[in-house]
Undergrad: 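Take this structure, written in structure tokens, and hold onto it; I'll ask about it next.
Given the structure is predicted, the values throughout are model-derived calculations rather than measurements.
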Amino acid sequence: MLRTWARRARPARLGALLGRRAAASQAHAPGVDLSQAAVCVWGANTGVGKTLISAALVAAAVRGQVPVQYLKPVQTGYPADSDARLVTAATEAAAGRAAAAAFLRRSETLHAFTDPVSPHLAAAAEGRRVDDGEVVAAVAGALAAFAAELAPRAGAAGGRGLSLVETAGGVTSPGPSGTLQGDLLRPLALPGLLVGDPALGGISTTLSAYESLLLRGQPPAAVVCMDDGRLSNIAAVAHHLRHAAAHRLGEGLPVLALPLCKPPPGGGGGAGAAGGAVDAHLAAWLEASAPQFDELLALLLDHHERRLAWLAGAARGAAESVWWPFTQHAALPHGDVTVVDGRAGDSWLVYTEQRAAGRQQAGQQEQAGQAAAAAAAAAGAAGAALTPLVDGASSWWTQTSGSAALSTEVVRAVSCAAGRYMHVMWPQAAHAPGLELTRALLAGPLGAGWAARAFFSDDGSTAVEVALKMAFRKFSADAGTLQHERGPELQVLGLGGSYHGDTLGAMDCSGPSPFNGRRQSPWYTGRGLFLDPPCLALTGGAWRLAATPGWLADAERAAGRDAAALSWASRDEVFDLPARRGSRLACVYEGHIAAAAAAHEASTGAALGVLLLEPVLQGAGGMRLVDPLFQAAAVKVARARGLAVVYDEVFTGCWRLGAPTGGALLGAAPDVAVYGKLLTGGAAPLAVTLASAGVFAAFAGDSKADALLHGHSYTAYPVGCAAAACSLAILAGAGTNPNLCAPGAPGRCAAEAAGRPACGGPCGRVAALWAEADAAALSTHPRLSGVVALGSVLAVELRGAGSYAGGSAAAADVVAALRARGVAARPLGAVVYLVLPPTTPRDAAARLLGALVQTLDDPATWGAGAGCEAII
């Protein structure tokens with residue numbers, strides 16, 4: 001049946017998706033081979049001697065019989081100026097032509113422009129478009145080809161080769177597309193050699209270049225500078241970086257002085273002019289400085305070996321010492337630890353090695369201990385690589401942007417706040433990051449029109465507990481019971497399947513689940529009424545009830561109807577609450593909620609004081625889309641009963657679901673709302689609880705005992721506040737969020753993208769990343785029982801795939817197969833989901849959807865995921 005569907009009956013829409021995926025498969029960032037050493041040569045400025053130092057290093061490699069290649073990704077002023085030509089000539093002059101022919105495997109320019117100006121100007125002048133991906137792919141391809149060429153030597157002692165990749169200009173000089181080179185080359189994660197500036201002002205430019213590399217997660221392996229002792233720039237640089245090991249995770253930073261190369265005799269065109277001639281001064285410098293460059297070469301090769309050893313041993317070291325969240329360590333197979341060496345845009349850079357060899361060596365390690373482990377790490381390096389893995393879960397739903405350039409903006413904000421404030425305790429204090437973020441929260445889309453105060457904490461679970469304190473106080477004040485020492489227990493009205501965090505109070509606000517069972521929380525007492533909500537999903541191309549609650553089935557049956565027949569033609573119809581509020585179903589919902597609340601209070605003697613909801617979409621509960629009409633009905637009933645309304649927007653807020661907040665989709669403002677995760681763009685832990693003026697007033701009194709006695713050491717942490725302010729600006733900015741509604745701009749209206757008439761002006765929403773027609777087509781797949789596609793969230797439930805508590809072998813199969821296709825997804829029971837940053841380009845989302853379709857269609861998927869529960 002499955003094969004028939006895949007080959008004959010697949011909807012044309014899914015076939016198009018597969019085609020898009022295949023056409024775009026070459027656009028993903030390539031892996032970076034680690035079997036041979038590679039170094040990126042950066043400069044503090046142009047004209048600081050990068051090419052001369054590269055040439056001397058290449059000559060040192062040739063002298064030491066180390067195979068070497070020199071790559072110039074971008075060259076301007078070509079062919080009159082060719083750094084690759086100079087490197088070849090200098091190597092031949094210093095080491096001899098025969099040796100150079102044997103060990104200098106190539107000296108190449110990958111992208112050349114005629115005009116001797118900055119690459120972005122030269123590309124524009126020639127009318128040539130060179131995308132960042134082309135530059136990265138060209139370098140990665142050259143590294144891979146070099147490694148393949150040397151593969152027979154890899155196991156031999158001294159079998160390592162060296163690639164030198166010399167940049168153009170300085171760290172923050174633009175590449176051909178205009179992207180700064182420090183950002184452009186980040187996907188390669190190459191160790192760097194920073195060449196300092198020996199001229200007047202060079203101390204500043206060198207330290208600035210070093211810090212620019214740090215801001216981009218590219219700490220150089222060493223800093224060198226040509227120096228004649230007159231200005232001694234390198235000595236000053238070394239002094240200012242003398243404590244570098246403290247910010248480099250204990251790794252020291254070699255800062256080395258190199259002899260100064262004199263200008264060409266007579267002030268001619270200089271070494272490397274037309275013909276690549278090596279002048280007398282350059283030849284003398286190459287000979288005199290040979291010992292220093294031999295040492296520098298050894299240092300760089302040693303750095304590579306130490307890096308490989310760390311990467312090869314990281315999985316084992318972590319498995320022996322780290323206690324991971326949501327992981328059964330007793331069932332963790334060897335090798336199923338994801339070693340992440342960095343991030344480039346929307347992808348992690350993951351250390352990989354030859355799996356067959358790795359698993360065989362694992363048994364040897366267990367038997368022979370550390371000596372065998374070290375030997376295995378060295379042997380396995382021949383197949384080592386950094387492989388991009390798309391962060392399909394946005395690192396537990398935290399990432400604002402998959403763009404390296406926008407991530408750099410967040411890093412700048414964080415660095416500025418750390419440098420200016422570090423931390424300042426918050427009671428009765430104010431600082432710019434905290435105050436400006438508060439203003440943005442209250443006046444912006446998250447709090448405008450209802451919120452009057454912002455209370456900061458450090459994570460979503462804690463922020464929910466703060467919200468409960470606020471909301472129960474509001475309820476008690478309104479009910480006139482605030483001064484009563486005794487009274488009924490206050491409880492919450494919530495939904496089954498909810499999840500509000502792992503702290504004790506937050507767990508008590510959800511019904512029984514694997515998260516709060518006796519094994520996890522022996523103190524758990526569900527303090528509330530948890531209604532079984534109607535949840536919707538795309539099934540067979542239409543929106544239907546994913547599972548019919550018993551109470552709804554009974555109500556429909558009593559009215560002579562079948563609840564299973566309920567359906568909605570489109571997502572717009574589901575969320576058209578003004579049209580649905582007067583419906584028969586709305587009356588059924590309201591009647592059930594009111595009756596259940598009254599019965600609960602009568603049977604328990606408790607008082608329901610707070611309605612606590614995850615608006616529209618329950619995240620950790622299984623990506624369940626609760627019928628928004630049901631939640632709107634719950635708000636209506638809660639208001640009629642005097643309950644305070646709290647929205648837990650930790651997952652749903654900040655444009656996750658398309659609107660600025662999940663609550664906006666319900667058309668009803670809360671008394672209290674909680675935000676986290678996307679709030680800081682993944683840069684720092686921070687959460688905020690917004691409250692109305694009425695809630696704040698409930699804490700006014702004559703004594704401190706009436707105040708909100710809650711706080712954290714890192715309340716309003718300036719670094720987190722700065723990250724949040726930047727993240728919100730990116731999400732809400734038309735220039736930074738390509739999906740934000742901008743009527744008039746092609747493809748930028750959220751309504752038009754959904755097939756509706758264009759908005760009259762910016763509506764504040766973002767276009768859905770997943771086209772509804774694509775999701776509807778996907779919902780016809782025989783492997784799936786339902787699909788939820790909303791905003792940046794895509795979740796598929798596998799048919800007959802097991803329970804949430806017990807996990808799902810089928811979900812593990814899909815996650816493992818997606819990983820093999822370069823996508824890191826997460827399972828929630830029988831559900832596999834993708835959650836992308838709201839700024840993700842829609843064509844990138846379409847490629848991931850295509851990868852999911854391929855995975856579901858592939859017979860090899862099923863049964864391949866044994867033990868992959870531990871995969872991130």
Undergrad: So does D346 get a backbone contact from the side chain of Q399, meaning a donor-acceptor N/O pair under 3.5 Å?
TA: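 Checked: no pair found.
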Undergrad: Side chains of L740 and W655: closer than 4.5 Å at any heavy-atom pair?
TA: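 When only atoms from C-beta onward are counted, W655 and L740 do touch, with a gap below 4.5 Å.
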Undergrad: Do any N or O atoms from the side chain of T689 and from the backbone of A463 form a donor-acceptor pair under 3.5 angstrom?
TA: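 Such a contact is found between T689 side chain and A463 backbone.
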Undergrad: Just checking, any donor-acceptor pair under 3.5 angstrom between side chains of S177 and D132?
TA: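 On atom types as modelled, these side chains qualify, holding a pair under 3.5 Å.
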Undergrad: How about P325 and W396: do any of their side-chain heavy atoms sit closer than 4.5 Å?
TA: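 P325 vs W396: side chains touch.
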Undergrad: Between W397 and Y833, do the side chains contain a donor N or O and an acceptor N or O under 3.5 Å apart?
TA: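 A pair is found: one side chain offers a donor N or O, the other an acceptor, under 3.5 Å apart.
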Undergrad: Are any side-chain N or O atoms of D131 and backbone N or O atoms of G133, one a donor and one an acceptor, separated by less than 3.5 Å?
TA: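 It does not hold such a pair.
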Undergrad: Could you report the tightest heavy-atom contact between A722 and P433, atom names first, then the distance?
TA: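 In this case the closest contact between A722 and P433 is N-CB, 3.9 Å.
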Undergrad: Please confirm whether the backbone N or O of L849 pairs with a side-chain atom of R847, one donor and one acceptor, at under 3.5 Å?
TA: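 No.
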Undergrad: Is the ring pair F515/Y499 parallel, tilted or perpendicular, if the boundaries are 30 and 60 degrees?
TA: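 The rings of F515 and Y499 sit tilted, inter-plane angle from 30° to 60°.
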Undergrad: Quick one: does L617's side chain get under 4.5 Å of V793's, heavy atoms only?
TA: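 L617 vs V793: side chains touch.
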Undergrad: Set out, in order, the CA-CA distance, both residues' side-chain angles and the distance that settles side chain to side chain contact (heavy atoms under 4.5 Å, CB included) for L679 and L686, then state yes or no.
TA: CA-CA 7 Å; L679 182 64; L686 185 80; 4.2 Å; yes
Undergrad: So for atom CZ, which belongs to R420, do other residues, nucleotides or ligands contribute more than 12 heavy atoms lying within a distance under 6.0 Å?
TA: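 Result for CZ/R420: open.
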Undergrad: Looking only at heavy atoms, what is the nearest atom pair of V719 and A684, with distance?
TA: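 Shortest heavy-atom contact: CG1-CB, 4.3 Å.
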Undergrad: Do you know which two heavy atoms are closest between L468 and C509, and how far apart they sit?
TA: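 Nearest pair, atom of L468 first, then C509: CD1-SG, 3.2 Å.
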Undergrad: Output all residues satisfying salt bridge (Lys or Arg N to Asp or Glu O under 4.0 Å) with R307, sequence neighbours left out; order by chain, then residue number.
TA: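 R307 satisfies salt bridge (Lys or Arg N to Asp or Glu O under 4.0 Å) with D341 once adjacent residues are dropped.
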Undergrad: At what distance, to the nearest 0.5 angstrom, does OG of S394 lie from CZ of R656?
TA: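 Between S394 OG and R656 CZ, I get 6.5 Å after rounding to 0.5 Å.
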Undergrad: For atom OH of Y421, decide whether the heavy atoms of other residues, nucleotides or ligands shown that lie under 6.0 angstrom number more than 12.
TA: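 It does: Y421 OH has more than 12 such atoms within range.
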Undergrad: When you measure from the side chain of R748 to the backbone of A734, do you find a donor-acceptor pair of N or O atoms at a distance under 3.5 Å?
TA: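 At least one qualifying donor-acceptor pair exists.
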Undergrad: Using atom types as modelled, flag every donor-acceptor pair under 3.5 Å from a side chain in residues 404-418 to any protein atom, sequence neighbours excluded.
TA:
{"unit_1": "S407", "atom_1": "OG", "unit_2": "S403", "atom_2": "O", "d": "3.0"}
{"unit_1": "T408", "atom_1": "OG1", "unit_2": "D183", "atom_2": "OD1", "d": "3.1"}
{"unit_1": "T408", "atom_1": "OG1", "unit_2": "A404", "atom_2": "O", "d": "3.0"}
{"unit_1": "E409", "atom_1": "OE2", "unit_2": "R412", "atom_2": "NH1", "d": "2.8"}
{"unit_1": "S415", "atom_1": "OG", "unit_2": "V411", "atom_2": "O", "d": "2.8"}

Undergrad: Taking all atoms of both residues into account, what is the closest heavy-atom pair of L769 and S792, and its distance?
TA: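 Answer, listing the atom of L769 first, then S792: CD1-CB, 3.7 Å.
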Undergrad: Under the criterion side-chain hydrogen bond (donor to acceptor under 3.5 Å, both in side chains), I'd like the reasoning laid out for S457 against T462: C-alpha separation, chi angles, the key distance, then a yes or no.
TA: CA-CA 7 Å; S457 52; T462 308; 5.8 Å; no
Undergrad: Heavy atoms, side chains only, cut-off 4.5 Å: are V674 and H500 in contact?
TA: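 Contact flag for V674/H500 side chains = no.
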Undergrad: Does a side-chain heavy-atom distance below 4.5 Å link Q218 with V171?
TA: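 Q218 does not reach V171 side chain to side chain.
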Undergrad: Should L253 and Y210 be marked as a side chain to side chain contact (heavy atoms under 4.5 Å, CB included) after you check the CA-CA gap, both sets of side-chain angles, and the distance that decides it?
TA: CA-CA 11 Å; L253 176 66; Y210 177 78; 3.6 Å; yes
Undergrad: In terms of side-chain heavy atoms, does S212 have a donor or acceptor partner in T172 at a distance below 3.5 Å?
TA: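 No, no side-chain donor-acceptor contact under 3.5 Å.
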Undergrad: Give the intermediate values and the outcome of side-chain hydrogen bond (donor to acceptor under 3.5 Å, both in side chains) for residues E465 and T503.
TA: CA-CA 8 Å; E465 300 221 7; T503 54; 2.6 Å; yes
Undergrad: How close do P388 and S347 get, heavy atom to heavy atom, and via which atoms?
TA: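 Of all heavy-atom pairs spanning P388 and S347, the closest is CB-CB, 4.2 Å.
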Undergrad: Going through the distances and angles, do H712 and W426 end up as a ring pair (Phe, Tyr, Trp, His ring centres under 6.0 Å)?
TA: CA-CA 9 Å; H712 309 274; W426 191 235; over 10 Å; no
Undergrad: Could you go through F456 and L441, starting from their C-alpha distance and side-chain angles, then the distance that decides it, and tell me whether this counts as side chain to side chain contact (heavy atoms under 4.5 Å, CB included)?
TA: CA-CA 11 Å; F456 293 105; L441 290 167; 4.1 Å; yes
Undergrad: Got V835 and M623 here, is their nearest side-chain heavy-atom distance under 4.5 Å?
TA: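 Heavy-atom side-chain distance check passes, below 4.5 Å.
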Undergrad: Donor-acceptor check, side chain of S173 to backbone of G170, threshold 3.5 angstrom: yes or no?
TA: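 Checking the backbone N and O of G170 against the side chain of S173, a donor-acceptor pair under 3.5 Å is found.
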Undergrad: For the residue pair T839 and L731, establish whether any side-chain heavy-atom pair is separated by less than 4.5 Å.
TA: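 Yes - at least one pair of side-chain heavy atoms lies under 4.5 Å apart.
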Undergrad: For the residue pair T661 and Y647, establish whether any side-chain heavy-atom pair is separated by less than 4.5 Å.
TA: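 Not touching, per the 4.5 Å side-chain cut-off.
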Undergrad: Taking the side chain from D671 and the backbone from V645, do they hold a donor-acceptor pair closer than 3.5 Å?
TA: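 Answer holds: yes.
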Undergrad: How long is the straight-line distance from CZ of F455 back to OG1 of T438, given to the nearest 0.5 Å?
TA: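 T438 atom OG1 to F455 atom CZ measures 11.5 Å (nearest 0.5 Å).
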Undergrad: State the OG1-CZ distance between T855 and R819, to the nearest 0.5 angstrom.
TA: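 Output value for this atom pair is 13.5 Å.
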Undergrad: Looking only at side chains, do S208 and E211 share a donor and an acceptor under 3.5 Å apart?
TA: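 Absent: no donor and acceptor within the cut-off.
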Undergrad: Looking at OG of S692 and CE of M470, how far apart are the two atoms once the value is rounded to the nearest 0.5 Å?
TA: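 That separation rounds to 9.5 Å.
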Undergrad: Can you measure from CG (L728) to OG1 (T400) and round to the nearest 0.5 angstrom?
TA: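 Nearest 0.5 Å value for the CG-OG1 distance: 7.5 Å.
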Undergrad: Using modelled atom types and a 3.5 Å cut-off, is there a donor and acceptor pairing between side-chain atoms of N739 and backbone atoms of P838?
TA: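 At least one qualifying donor-acceptor pair exists.
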Undergrad: Suppose the criterion is salt bridge (Lys or Arg N to Asp or Glu O under 4.0 Å): which pairs have a residue in residues 428-441, not counting sequence neighbours?
TA: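 Checked against salt bridge (Lys or Arg N to Asp or Glu O under 4.0 Å) - neighbours excluded - the pairs reaching residues 428-441 are E436-R439.
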Undergrad: Walk me through whether V672 and V466 qualify under side chain to side chain contact (heavy atoms under 4.5 Å, CB included).
TA: CA-CA 10 Å; V672 182; V466 172; over 6 Å; no
Undergrad: Is a side-chain donor or acceptor of Q631 paired with a backbone partner of E614 at a separation under 3.5 angstrom?
TA: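 Side chain of Q631 to backbone of E614, a donor-acceptor pair under 3.5 Å: yes, one is there.
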Undergrad: Search all heavy atoms of P187 against all heavy atoms of V32 and return the closest pair with its distance.
TA: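 Of all heavy-atom pairs spanning P187 and V32, the closest is O-CG2, 4.0 Å.
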Undergrad: Starting at CG of L852, measure out to CG of D774 and round the result to the nearest 0.5 Å.
TA: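 Result: 11.5 Å between the selected atoms.
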Undergrad: Any sub-3.5 Å donor-acceptor pair from R248's side-chain atoms to P220's backbone N or O?
TA: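 Between the backbone of P220 and the side chain of R248 there is a qualifying donor-acceptor contact (under 3.5 Å).
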